[in-house]
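Structure record follows, encoded as structure tokens.
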Amino acid sequence: MIDYISINNLHLGCQAKNKAEVLEMVAKDFTEKGYVNQDCCVFLNERERQVSTFLGNGITLPHLPKSANDIIIKKGVEIFQFPDGVIWDRNNVMFITIGVIAKEKEHIDVLKQIASIFSDEIIANALSLISNKEDFLRILNRG
């Protein structure tokens with residue numbers, strides 16, 4: 001699914017005060033782009049209560065729990081960059097949120113792709129600061 005990311009799926013230079021604001025941004029975008037047929041913020045928060053979507057290296061992967069499968073219209077990925085960082089869980093600071101909408105276990109495929117890209121701390125740091133969408137995509141699709 002990461003292969004299908006275009007400039008339209010990138011949101012660089014975002015700002016938020018906390019995790020709740022980040023999840024609201026992701027949910028709003030999912031609704032506006034027609035990935036879901038209703039606001040899904042409550043479901044994103046439900047998923048966070050089940051287990052944190054913080055992956056390390058400043059990356060989070062918010063996605064819907066199985067209980068929200070009925071509201072999904074189509075799959076998609078949206079990337080939000082927060083250069084100033086947002087406190088996610090106690091000691092974790094997030095710089096990039098990769099929102100995933102998928103009915104099945106497609107988010108696992110995205111997770112594998114993300115892990116291979118963002119496990120490199122230098123790449124993760126570069127993507128958290130870069131301000132040009134074309135450059136961001138070029139680095140993201142490097143491999």
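Small disclaimer: the values here were computed from a predicted structure and weren't measured. Residue indices begin at 1 and follow the sequence shown.
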Fill in: Cluster check Tyr35, Val42: I/L/V/M/F/W/Y, side chain < 4.5 angstrom
yes
Fill in: Glu46 CD to Cys41 SG distance, which is reported to the nearest 0.5 Å
12.0 Å
Item to complete: To the nearest 0.5 Å, tell me how far Leu12 CG sits from Leu127 CG.
Response: 9.5 Å
Discussion item. With a 4.5 Å cut-off on side-chain heavy atoms, are Leu44 and Leu64 touching?
Written reply: yes
Worksheet item: Under the side chain to side chain donor-acceptor pair (under 3.5 Å) rule, what pairs show up with a residue in residues 123-137, not counting sequence neighbours?
Response: Asp135-Arg138
Worksheet item: Hey, is CD1 on Ile87 packed in by over 12 heavy atoms from elsewhere, all under 6.0 Å?
Response: no
Fill in: Main-chain N/O of Ile130 paired to Gln81 side chain as donor or acceptor, under 3.5 Å
yes
Fill in: Any residue meeting ring pair (Phe, Tyr, Trp, His ring centres under 6.0 Å) with Phe82, in chain and number order, not counting sequence neighbours
none
Worksheet item: Considering residues at least two apart in sequence or located in another chain, which fulfil the side chain to side chain donor-acceptor pair (under 3.5 Å) criterion with Lys33?
Response: Glu78
Discussion item. Are there over 12 heavy-atom neighbours, none belonging to Gln15, within less than 6.0 Å of that residue's CD?
Written reply: no
Practice prompt. Would you please name every residue forming a side chain to side chain donor-acceptor pair (under 3.5 Å) with Glu48, sequence neighbours left out?
Written response: Thr53, Trp88
Fill in: From CG (Leu137) to OG (Ser6), nearest 0.5 Å
7.0 Å
Item to complete: Using the test ring pair (Phe, Tyr, Trp, His ring centres under 6.0 Å), find all partners of Phe43 that sit at least two apart in sequence or belong to another chain.
Response: none
Worksheet, complete the sentence: Value for CD1 (Ile96) from CG (Leu55), rounded to nearest 0.5 Å, stands at 11.5 Å
Worksheet item: Looking at residues at least two apart in the chain, or sitting in another chain, which of them share a side chain to side chain contact (heavy atoms under 4.5 Å, CB included) with Glu32?
Response: Lys28
Distance-only donor-acceptor hits, side chain of residues 20-27, under 3.5 Å, sequence neighbours excluded:
| from | atom 1 | to | atom 2 | distance (Å) |
| --- | --- | --- | --- | --- |
| Glu21 | OE1 | Lys17 | N | 2.9 |

Worksheet entry | Hphob cluster co-occupancy, Ile123 + Leu129, side-chain heavy atoms under 4.5 angstrom | no
Worksheet item: Under the salt bridge (charged side-chain N to carboxylate O under 4.0 Å, His left out) rule, what pairs show up with a residue in residues 64-74, not counting sequence neighbours?
Response: none
Worksheet item: Any chance CD1 of Ile7 has more than 12 other-residue heavy atoms, nucleotides or ligands included, within less than 6.0 Å?
Response: yes
Item to complete: Any chance you could measure Phe54, atom CZ, to Thr97, atom OG1, to the nearest 0.5 Å?
Response: 9.5 Å
Worksheet, complete the sentence: Here the pair of heavy atoms bringing Lys75 nearest to Ala102 is CB-CA, 4.4 Å
Practice prompt. Find the distance between CD1 (Ile79) and SG (Cys14) and round it off to the nearest 0.5 Å.
Written response: 11.5 Å
Worksheet item: Under 3.5 Å, side chain of Asp120 to main-chain N/O of Ile122, donor-acceptor pair present?
Response: yes
Fill in: Full working for side chain to side chain donor-acceptor pair (under 3.5 Å) between Gln38 and Thr31
CA-CA 6 Å; Gln38 68 183 58; Thr31 304; over 6 Å; no
Item to complete: Write out all pairs satisfying ring pair (Phe, Tyr, Trp, His ring centres under 6.0 Å) with one or both partners inside residues 5-24, taking only residues at least two apart or from two chains.
Response: His11-Phe80
Worksheet item: If you look only at pairs with a residue in residues 84-99, which of them pass as a salt bridge (charged side-chain N to carboxylate O under 4.0 Å, His left out), with sequence neighbours excluded?
Response: Lys19-Asp89
Fill in: Thr60 side chain to Pro62 backbone, donor-acceptor under 3.5 Å
no
Worksheet entry | Nearest heavy-atom neighbours spanning Pro83 and Gly13 | CD-CA, 3.8 Å
Discussion item. Hydrophobic clusters here meaning ILVMFWY residues chained together by side-chain heavy-atom distances under 4.5 Å, can you tell me if Ile73 and Val100 are in one?
Written reply: no
